[in-house]
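All remarks here apply to the structure that follows.
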Amino acid sequence: MAEEKELLRYNPAPIESKWQERWAADPKMYAAEGPDCVKPKYYVLEMLPYPSGQLHMGHVRNYAIGDALARYMWMRGYNVMHPMGWDAFGLPAENAALKNNTPPREWTLANIAAMKRQFNRLGMAFDWSTEVTTCLPDYYRWNQWFFLRMYEKGLVYRKKSKVNWCPECATVLANEQVIDGCCWRHEDTKVELRDLEQWFFRITAYAEELLDDLAKLDGWPEKVRTMQRNWIGRSKGTEIDFFLEEKVDQGPGTEGATLAQDDKRVRIRVFTTRVDTIFGATSVQLAPEHPVVARLSASNPALRVKVTELLEEQKKAREGGDVGAIEKHGVPTGRFAINPYSGERVPIWVGNYVLMDYGTGAIMSVPAHDERDFEFATKYGIPIRQVIKPVQEAEGSESLPFVSEDGVLVNSGEYDGLTCLQAQKLLQESAARQGFGEAKVIFRLKDWGVSRQRYWGTPIPMIHCPKDGLVPVPEDQLPVLLPEKIEITQTGGSPLGRVPEFVNVICPKCGGPARRETDTMDTFVDSSWYFYRYIDAKNSSAPFSRVRAEYWFPIDQYIGGVEHAILHLIYSRFWTKMMRDLGMITNGEPVERQFSQGMVIKDGAKMSKSKGNVVSPDDMVARYGADSTRMYSLFAAPPDRDLDWQEDGVAGVSRFLARVWKLSTAHEGVVLKGHDFSRAGSGDSISGALASEGSSSPIEKKLLRKMHQTIAKITKDFEGRWHFNTCIAAIMEYVNELQAADAQLSSGEVAAPAVEQMLKNLALLLAPFAPYLAAELWEQLGGDGSILRHPWPESDPGLAKEDEIEIPVQINGKLTTVVKVPAGSDAKAIEAAALADPKVQLRIAGKTVVKVIVVPGRAVNLVVK
RNA sequence: GCGGAAGUGGUGAAAUGGCAAACACACCAGCCUUAGGAGCUGGCGCCCAAAAGGCUUGCGGGUUCAAGUCCCGCCUUCCGCACCA
């Protein structure tokens, strides 16, 4: 007795370890076939993790989603590519090295081994034969190869620039890695601005295309597309030259007297989106770092002091992350600029709110038609001149600033009376004709600074020769290997600079002594193209084969956290376009469909070590099993929403799986006994045919109906909206019905072949969500071969249909009762049934039915007076 | 300020414009028992002792025979961008 009970008890641990072993013994199981495969291809990809040593719940969720999809697609007969790898370069390895005195490589590889064990324990269906580890020379040599290709194409350059410097990381950060003025890795560390020689990728060469192609990415979340659109920040406008005034007509002893001759033709180029307001420009504002400011303040120490102050304010605000919050300050230079259209002279100011790195670093200030200019002019008593009138003269109260483009020009000479848009066009044409301006599109997107002064990254394959300048490392000398033995410190520049064997090289051009570049590449370089490497991971003569890329790309489905919506996904798109232009691939976008899953939350906050609300996947797996842990992460919320982690919920899913186990094992005898006569050559891919013999009992029909409905629901969700939470709920409902019919399942009231069909399909439906249990039940039920490659069950619409349906009856829109009618009843029959209902009769007694709306199969509404 | 998403029971949530709260969790009552982190039965939005009935999807309007769902305005929360000229 006790033994029997023990048998019926669901215990995930032995089941899961049994299957884990079997799967490990069959490494080909998850391998994709080559481009000559007759099956349609499906490339499902989840973002590769950083090998910190520990998977967290966000990972579990991410990979549970992708794994469910991959398994489903296998069952649907696709040639599935489902790879995994490691984003293995990066600073934490160096920090760990400092802390534990472990070499970064060792630390990283150990972490990878640990996380791989976790992946396998969770039952993730990854093809490890294509594993990519970005910190290994096999991989990073191709980063260097790409770098050289891009250098040849003029897509790599070097320049001195203000860079974001994280004192904690002791390295430079890309703009994309600065969040609210702080380092993306160190939320409390303010980023400083420093001047350094840096390597850049010319991503701005693709700004227009990166923006335009977003429109084509209709398989991407709108949110991600919008974020990228804002990030690229296209702005259409006009550049116009104001001229520094030649004659300075002021008294003797003023600054003007010292004016040098070459000031005469100095141009101050401004960028504006509203050139139509230019007749209202009453000052020109320069960024503190603008070259003309340096020139004007050279002979004016008082001005120089003021400018330094403004610059300081700006810098502080930038480092504080809230540039918008600083108080607007400015200082007049005492000099004037000439408006090229009107010849008017306007004062030149320096403003702390004008940014050198956006537009031209100079603006024309039109107080009447711009909020900021208005505020500034009011503060400093600069004239405010209205030059745009609303189209419909809102009488009297002309409240300024009037910023709408819906207006007509006034006080604008020959342009008076034109609409804003007409005027913009004519003014641009006029400027171009006279050579003092042009139409211009500018972007917020900046070139991608890829230099890092760190050790644990891809060495940049360049050589500095005192004679030949910058010399690329010849291709046959790749890879430039990272030296293994190295002392890691966080100060004093790149650690590589202190390794003489690394630094000192022979110049490939002149053969003389030269120095190797000691910067390494941003790790986002690694992750910009890793998914191309998966398809040809062992290729030693090229990053990947073109034929394979043409077969596998674009990726059918990419899944990852929304935190990568800008950085990683923009870089990846850029890299794909760049490779296309190198002739390596034909696709212009890497990813067909992109999915951003929500965060995992606990107690109202994102799980994080600092908040102390981390739940360890290992813990959950140990307590409830991998199936329960994965399945809960899919059941608790739709995948795109944030998920509130509640351990009670995991226990609930675990109890559900226990019920499934009990149900299936309790009736497996019926299945196995009935097997001999049920398999008339059709294998166990059971169709609905056996149920339509006409001899089946009502309960059997009912259960089969539920089964077909459940199959239909889940299939539809996989194809479309991915609400796996309701898929699992549907399976629960199905199991609840089966369980309620427990007695009939064993009594023969439900025929053995039907029981077999119901239980086998239950295992198949569970396969994407709870792979261990599904495999075990499949085997116990005598299922053929691997469940992973068994065809997904098909729903028979005829059998899924209800015989009788309930129709809600409303009177004047208010629910009154529900009537039962045969399925497929027409409007007339439904109306009759509704009117015949006693409750309805009571309600309409003495009143007139004005109108009857019948939506067959849906509802009836009686409009009554 | 601009852009995006969301707001439904005690909780996570569900609902092609057609019975709001499916499926779970928690809780309550009962049963069972060699007691388990078990199992089974029932209850569980709010008002009302119960029934009958009424009310209920952030707030206010609108469209519609019918609105959680569509439209307009507002409030709140979260996310992204932000003196971007």
Side-chain angles (χ1 to χ4, degrees), chain A residues 1-2 5 8-10 179 221-231 233-235 237 270-274 277 285 287 314 317 321-328 351-355 357-366 370-373 375-376 442-444 562-563 565-566 598-599 601 623-624 632 635-638 640-656 658-659 662 716 721 723 725-733 735-736 739 806-818 850-855 857-864:
Chain A
M1 195 66 183
K5 246 188 194 159
L8 289 181
R9 188 101 166 269
Y10 169 59
I179 296 148
E222 193 50 50
K223 181 190 170 114
V224 172
R225 291 200 280 172
T226 307
M227 281 165 74
Q228 293 208 357
R229 214 170 276 131
N230 291 341
W231 188 263
R234 186 178 194 270
S235 197
V270 303
F271 174 79
T272 176
T273 52
R274 291 297 303 277
T277 65
Q285 301 281 340
Q314 194 175 79
D322 196 359
V323 193
I326 63 168
E327 167 112 22
K328 285 182 189 53
N352 67 351
Y353 66 102
V354 184
L355 307 170
D357 58 4
Y358 185 76
T360 59
I363 61 173
M364 63 179 203
S365 178
V366 186
D370 181 277
E371 306 267 3
R372 285 157 303 155
D373 294 346
E375 184 189 334
F376 193 86
I442 63 169
F443 294 93
R444 210 190 72 99
V562 72
E563 64 272 21
I566 297 180
M599 290 185 301
I601 302 288
R623 255 187 262 191
Y624 303 102
Y632 171 72
F635 177 62
D640 56 342
R641 241 202 259 187
D642 284 351
L643 183 156
D644 188 272
W645 191 271
Q646 297 184 357
E647 193 173 326
D648 285 336
V650 192
V653 170
S654 163
R655 283 199 295 271
F656 165 70
R659 291 213 311 279
K662 205 170 133 187
K716 199 172 151 208
R721 56 174 211 167
H723 280 198
N725 56 330
T726 60
C727 290
I728 293 167
I731 298 175
M732 286 172 171
E733 284 185 52
V735 168
N736 288 348
Q739 208 176 11
E806 295 189 328
I807 303 276
V809 182
Q810 299 172 314
I811 294 178
N812 292 337
K814 257 176 93 73
L815 177 72
T816 302
T817 187
V818 172
V850 186
K851 200 173 168 190
V852 181
I853 295 110
V854 181
V855 186
R858 282 283 169 202
V860 186
N861 193 6
L862 308 174
V863 185
V864 165

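All chains are named by letter (A, B, ...) in the order of the sequence lines, taking the proteins before the strands, and each is independently numbered beginning at 1. Here the structure is a predicted model, which means the values were calculated and not measured.
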Exercise for the section: Would you kindly check whether a donor in the side chain of Lys328(A) faces an acceptor in the base of C83(B), or vice versa, at under 3.5 angstrom? Expected result: yes

Exercise for the section: Could you tell me the separation between the CZ atom of Arg444(A) and the P atom of A82(B), rounded to a whole number of Å? Expected result: 4 Å

Exercise for the section: Kindly say if Lys814(A) contacts the phosphate of C55(B), meaning a side-chain N or O under 4.0 Å from OP1 or OP2. Expected result: yes

Problem - salt bridge (Lys or Arg N to Asp or Glu O under 4.0 Å) involving Arg721(A) - partner list, sequence neighbours excluded - result: Asp717(A)

Exercise for the section: Using only side-chain N and O atoms of Arg225(A), determine if any of them is under 4.0 Å from OP1 or OP2 of G3(B). Expected result: no

Exercise for the section: State whether Arg372(A) and Glu375(A) are salt-bridged, where the test is any N-O pair (Lys NZ or Arg NE/NH1/NH2 against Asp/Glu carboxylate O) under 4.0 Å. Expected result: no

Problem - Position toward the 5' end of RNA chain B (nearest nucleotide), Val855(A) or Val562(A) - result: Val855(A)

Problem - Arg659(A) vs C23(B): side-chain N/O to OP1/OP2 distance below 4.0 Å - result: no

Exercise for the section: Between U8(B) and U76(B), how far apart are the C1' atoms? Round to whole Å, please. Expected result: 15 Å

Practice task
Using the C1' atoms only, state how far U34(B) lies from U11(B), rounded to an integer number of Å.
Solution key: 35 Å

Problem - Whole angstrom value for the distance that separates P of A5(B) from CZ of Arg229(A) - result: 12 Å

Exercise for the section: May I ask you to evaluate whether Asn736(A) reaches the phosphate of A24(B), defined as a side-chain N or O under 4.0 Å from OP1 or OP2? Expected result: yes

Practice task
Mind checking Phe376(A) for me? I need base, sugar-phosphate or nothing, with any heavy atom below 4.0 Å counting as a touch.
Solution key: nothing

Exercise for the section: Grab the CZ-C1' distance between Arg234(A) and A85(B) for me, whole Å please. Expected result: 17 Å

Practice task
Tell me what Ala636(A) touches on the nucleic acid: a base, only sugar-phosphate, or nothing, going by heavy atoms under 4.0 Å.
Solution key: sugar-phosphate

Exercise for the section: For the residue pair Val860(A) and Ile853(A), establish whether any side-chain heavy-atom pair is separated by less than 4.5 Å. Expected result: no

Practice task
Quick one: label Val809(A) by what it contacts on the DNA or RNA (base, sugar-phosphate, nothing), any heavy atom closer than 4.0 Å.
Solution key: nothing

Exercise for the section: With side chain to side chain donor-acceptor pair (under 3.5 Å) as the test, would you mind laying out the steps for Asn736(A) and Arg659(A) before giving the verdict? Expected result: CA-CA 9 Å; Asn736(A) 288 348; Arg659(A) 291 213 311 279; 2.9 Å; yes

Exercise for the section: Return yes if the base of C65(B) and the side-chain atoms of Asn861(A) contain a donor-acceptor N/O pair under 3.5 Å, otherwise no. Expected result: yes

Practice task
Give Pro638(A) one of three labels, base, sugar-phosphate or nothing, depending on what nucleic acid heavy atoms sit under 4.0 Å from its own.
Solution key: sugar-phosphate

Handout entry: Contact under 4.0 Å: Arg655(A) side-chain N or O vs C25(B) OP1/OP2
Key = yes

Problem - Whole-Å C1' distance, A21(B) and A14(B) - result: 7 Å

Problem - Presence of donor-acceptor pair under 3.5 Å, side chain of Glu733(A) and base of C23(B) - result: no

Exercise for the section: In whole angstrom, give me the gap between the C1' atoms of G7(B) and G12(B). Expected result: 15 Å

Completion exercise
Closest to the side chain of Glu647(A), out of A85(B), C65(B), G37(B), is G37(B)

Practice task
Using the P atoms only, state how far G37(B) lies from C48(B), rounded to an integer number of Å.
Solution key: 40 Å

Problem - Torsion-based syn/anti label for G39(B), 90° from 0 as limit - result: anti

Exercise for the section: Establish, with yes or no, whether the OP1 or OP2 oxygen of G80(B) is under 4.0 angstrom from a side-chain nitrogen or oxygen of Gln228(A). Expected result: no

Fill in the blank from the handout: Rounded to whole Å, the CE-C1' distance (Met599(A) to G80(B)) equals 12 Å

Practice task
Could you give the distance separating G43(B) and U77(B) at their C1' atoms, to the nearest angstrom?
Solution key: 34 Å

Exercise for the section: For A13(B) versus G9(B), give the span between their C1' atoms, rounded off to a whole number of Å. Expected result: 11 Å

Practice task
Select base, sugar-phosphate, or nothing to describe what Gly652(A) touches, counting heavy atoms under 4.0 Å on all strands.
Solution key: sugar-phosphate

Practice task
Check every strand shown and say whether Asp642(A) touches a base, only sugar-phosphate, or nothing at a heavy-atom separation below 4.0 Å.
Solution key: sugar-phosphate

Fill in the blank from the handout: When Asp648(A) and Thr273(A) are each assigned the nearest nucleotide of RNA chain B, the 5'-most assignment goes to Asp648(A)

Handout entry: Aromatic centroids of Tyr353(A) and Phe376(A) separated by under 6.0 Å
Key = yes

Problem - P gap between G68(B) and U63(B), integer Å - result: 16 Å

Completion exercise
To the nearest angstrom, the CD1-C1' distance between Ile853(A) and C65(B) comes to 3 Å

Problem - Integer-rounded Å distance: G54(B) P and Ile811(A) CD1 - result: 11 Å

Exercise for the section: Name the nucleic acid region contacted by Glu563(A), choosing base, sugar-phosphate or nothing; use a 4.0 angstrom heavy-atom cut-off, strictly under. Expected result: nothing

Practice task
Rounded off to whole Å, could you give me the CD1-to-C1' distance for the Ile728(A) and C25(B) pair?
Solution key: 15 Å

Problem - N or O in side chain of Asn725(A) less than 4.0 angstrom from A14(B) OP1/OP2 - result: yes

Practice task
Ignoring backbone atoms, establish whether Ser235(A) has a side-chain N or O less than 4.0 Å from OP1 or OP2 of A85(B).
Solution key: yes

Practice task
For residues Asp373(A) and Gln285(A), determine if any side-chain heavy atom of one lies less than 4.5 Å from a side-chain heavy atom of the other.
Solution key: no

Practice task
Among the candidates C23(B), G80(B), G37(B), find the nucleotide nearest to the side-chain atoms of Arg623(A).
Solution key: G37(B)

Practice task
Indicate, with a heavy-atom threshold strictly under 4.0 Å, whether Gln810(A) touches base, sugar-phosphate, or nothing.
Solution key: base

Exercise for the section: Check every strand shown and say whether Phe656(A) touches a base, only sugar-phosphate, or nothing at a heavy-atom separation below 4.0 Å. Expected result: nothing

